[in-house]
Amino acid sequence: MSKISDDAQAILNYVGGPDNVNSLVHCVTRLRFELKDNQKVAKDKLLALPCVISVVNSGGQEQVVIGTKVADYYDVIQQLLANQRTTTKPKTAKHSTFSLTKVISGAFMPLLSVMAGAGMVKALLTVLASTHLLSTTSTPYLVLSAAGNAIFYFLPIFVGITLAKEFKADPFVGGALGAALLEPSFTGLIGKHGLNLFGMPLDPIDYSTTVFPIFIIIGAYILLDRLLKKIIPQQLQIFLNSMISLIILVPATVLIFGPFGNTVGNWISTIIMWLFSKSRLVAGLVLGAAYSFLTVLGLHWGLVPITLQNLKMYGGDVIGGVGVCAVWAQIGVALGTFLYSLFKNKDAKLKGLSGSITITGIFAGVTEPILYGLIMPSKRLIIITAIAGGIGGAINASLHVMVKSFLIDNIFSIIMMMYKPIGFMILGSGIALITAAVLTYFWGFESQKQK
């Protein structure tokens, strides 16, 4: 442990010392420093330390790649920061960089472990149900389903907490804003028509598993919270800030933010179907490339009515036949990450994590840990997902691949022949998977300088 302590002290010195550190977090392999002055970083000296694999400046952060023992170094450095910071007034940062990928990473990185674990539960249940070892109506299945589904169903709550914490706002107010969208009094209104709120028409939407609305509501909350802290006396802020935030932002979300997303989704579905009428190749390319990110924004719901109508009228849906390629492209990214960690950077923790979420994707069709934990925080992996999904989507659309029912895309939906023609579906999805895995392995991660 003394060796870790010595190296941790050296790392802290070489990033400019305690007074140069605004904040420190860590992910799977990296110490992520937000510094007042990045010019004070002694990169050559950091790279000379045997514990440091590489040093990367990304998204306004100085990222020191440690590997599997990153948490040990993080704990020691946090203690050093607490002990060594001076009481002098800190210097202001020379510049402040807003990075969308940094915000997304900060929102989902704390949730990645539990999402991967819950995904494994869902994968296990899918196997047990598909092999008829466990009935989907049995008590054990329903109880374990609750364990596997909870993190995904209540995602707006968890993201509300992590996002608010990322921006130094009250994380529990952030969680409460997400919880209000899932509270039974509100969800009981879903499906009802002719509702109004403050004289405005209200169209209740199911916000479970979505993240786009909560990103907007937390962004508004952060701005409102800062304003309230300036104008409300400090002794009243303990209840007034949260009360005003809840009263203003929850109605604003259900009246404006949610319906806006739903309207945009309907526009997108109209454009997609127009493209299919003009060129299946182009439509498949565009939808396959965009489908993963429509899901992130919750805009894919605009395609659901068309899917249901196509299933009723034609016995199959081409949108699902293209969207499946986006799912297998995401799984390909996870597989490529696993192979990269296995053969290139030898990171046992990253290998274990990427391996588990690859399995959840293949067997359960649960790709949220892949999408939110790996892809969205990385510009390269976003590009790879779009390329692989687009290529597979173009192939499937051109070959008239369709889904035969509303389903979750996984290995069992293939085994049970839920697509037609099944051979062409395997071709397009397989190409998406392989393309994503190969591109991720060879290009998905920044090169590392190793001793």
Side-chain angles (χ1 to χ4, degrees), residues 25 98 100 102-112 114-115 118 149-190 192 195-198 200-232 234 236-265 295-299 301 368 371-373 376-377:
V25 295
F98 175 83
L100 181 59
K102 174 187 165 188
V103 172
I104 294 172
S105 176
F108 289 106
M109 194 61 68
L111 304 176
L112 185 54
V114 66
M115 290 174 72
N149 291 331
I151 180 65
F152 302 111
Y153 182 87
F154 294 107
L155 200 55
I157 299 176
F158 293 101
V159 173
I161 292 171
T162 56
L163 265 180
K165 188 174 181 180
E166 177 77 8
F167 285 96
K168 307 297 187 295
D170 189 332
F172 298 106
V173 174
L177 289 168
L181 305 178
L182 304 172
E183 201 272 333
S185 296
F186 175 74
T187 58
L189 298 175
I190 296 174
K192 295 183 179 180
L195 301 175
N196 68 82
L197 178 64
F198 306 136
M200 300 175 64
L202 173 63
D203 183 18
I205 298 170
D206 184 1
Y207 292 99
S208 62
T209 75
T210 65
V211 296
F212 179 57
I214 196 63
F215 266 81
I216 296 178
I217 195 173
I218 294 301
Y221 164 58
I222 290 162
L223 297 176
L224 178 61
D225 184 59
R226 291 174 180 173
L227 174 63
L228 295 175
K229 285 179 178 177
K230 291 180 180 179
I231 63 177
I232 294 179
Q234 189 171 7
L236 300 178
Q237 289 182 13
I238 190 170
F239 69 92
L240 275 182
N241 285 23
S242 57
M243 184 186 78
I244 294 173
S245 297
L246 290 168
I247 287 176
I248 292 177
L249 295 176
V250 172
T253 300
V254 300
L255 285 173
I256 302 172
F257 304 147
F260 170 75
N262 195 46
T263 300
V264 173
T295 303
V296 171
L297 299 175
L299 301 180
W301 293 114
E368 285 90 346
L371 190 57
Y372 299 134
M376 293 309 297

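Bear in mind the structure is a predicted one, so any value in this text is a computation, not a measurement.
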Note to self: Within this structure, what is the CG-CD1 distance for the pair Leu177 and Ile161, rounded to the nearest 0.5 Å?
What the structure shows: 11.0 Å
Checklist line | Contact check, side chains of Tyr221 and Asp170, non-hydrogen atoms, under 4.5 Å | finding: yes
Item checked: Worked verdict on Glu166 versus Thr162 for side-chain contact (heavy atoms from CB on, under 4.5 Å) -> CA-CA 6 Å; Glu166 177 77 8; Thr162 56; over 6 Å; no
Notebook entry, point to check: Does Gln237 have any side-chain hydrogen bond (donor to acceptor under 3.5 Å, both in side chains) partners at least two apart in sequence or in another chain, and if so, which?
Noted result: none
Do you know the tightest heavy-atom contact between [X] and [Y]?
X      : Y      : value
Asp206 : Ile190 : CA-CD1, 3.7 Å
Pro156 : Leu182 : CD-CD1, 4.2 Å
Phe158 : Ala150 : CE1-O, 4.4 Å
Ala180 : Phe186 : O-CB, 3.8 Å
Pro204 : Leu195 : CG-CD1, 3.7 Å
Gly174 : Ala164 : CA-CB, 4.1 Å

Notebook entry, point to check: Taking it one step at a time, do Leu155 and Leu111 satisfy side-chain contact (heavy atoms from CB on, under 4.5 Å)?
Noted result: CA-CA 9 Å; Leu155 200 55; Leu111 304 176; 4.3 Å; yes
Notebook entry, point to check: Is atom CZ of Phe172 surrounded by more than 12 heavy atoms (other residues, nucleotides or ligands) closer than 6.0 Å?
Noted result: no
Next item on the list: State whether the number of non-hydrogen atoms from other residues, nucleotides or ligands found under 6.0 Å of Ile238 atom CD1 is greater than 12.
Entry: no
Sequence neighbours excluded and cut-off under 3.5 Å, please list the side-chain donor-acceptor pairs for residues 240-256, or say none.
{"from": "Ser242", "atom 1": "OG", "to": "Phe239", "atom 2": "O", "distance (Å)": "3.2"}
{"from": "Ser245", "atom 1": "OG", "to": "Asn241", "atom 2": "O", "distance (Å)": "2.7"}
{"from": "Thr253", "atom 1": "OG1", "to": "Leu249", "atom 2": "O", "distance (Å)": "2.8"}

Item checked: Contacts of type salt bridge (Lys or Arg N to Asp or Glu O under 4.0 Å), residue Lys229, not counting sequence neighbours -> Asp225
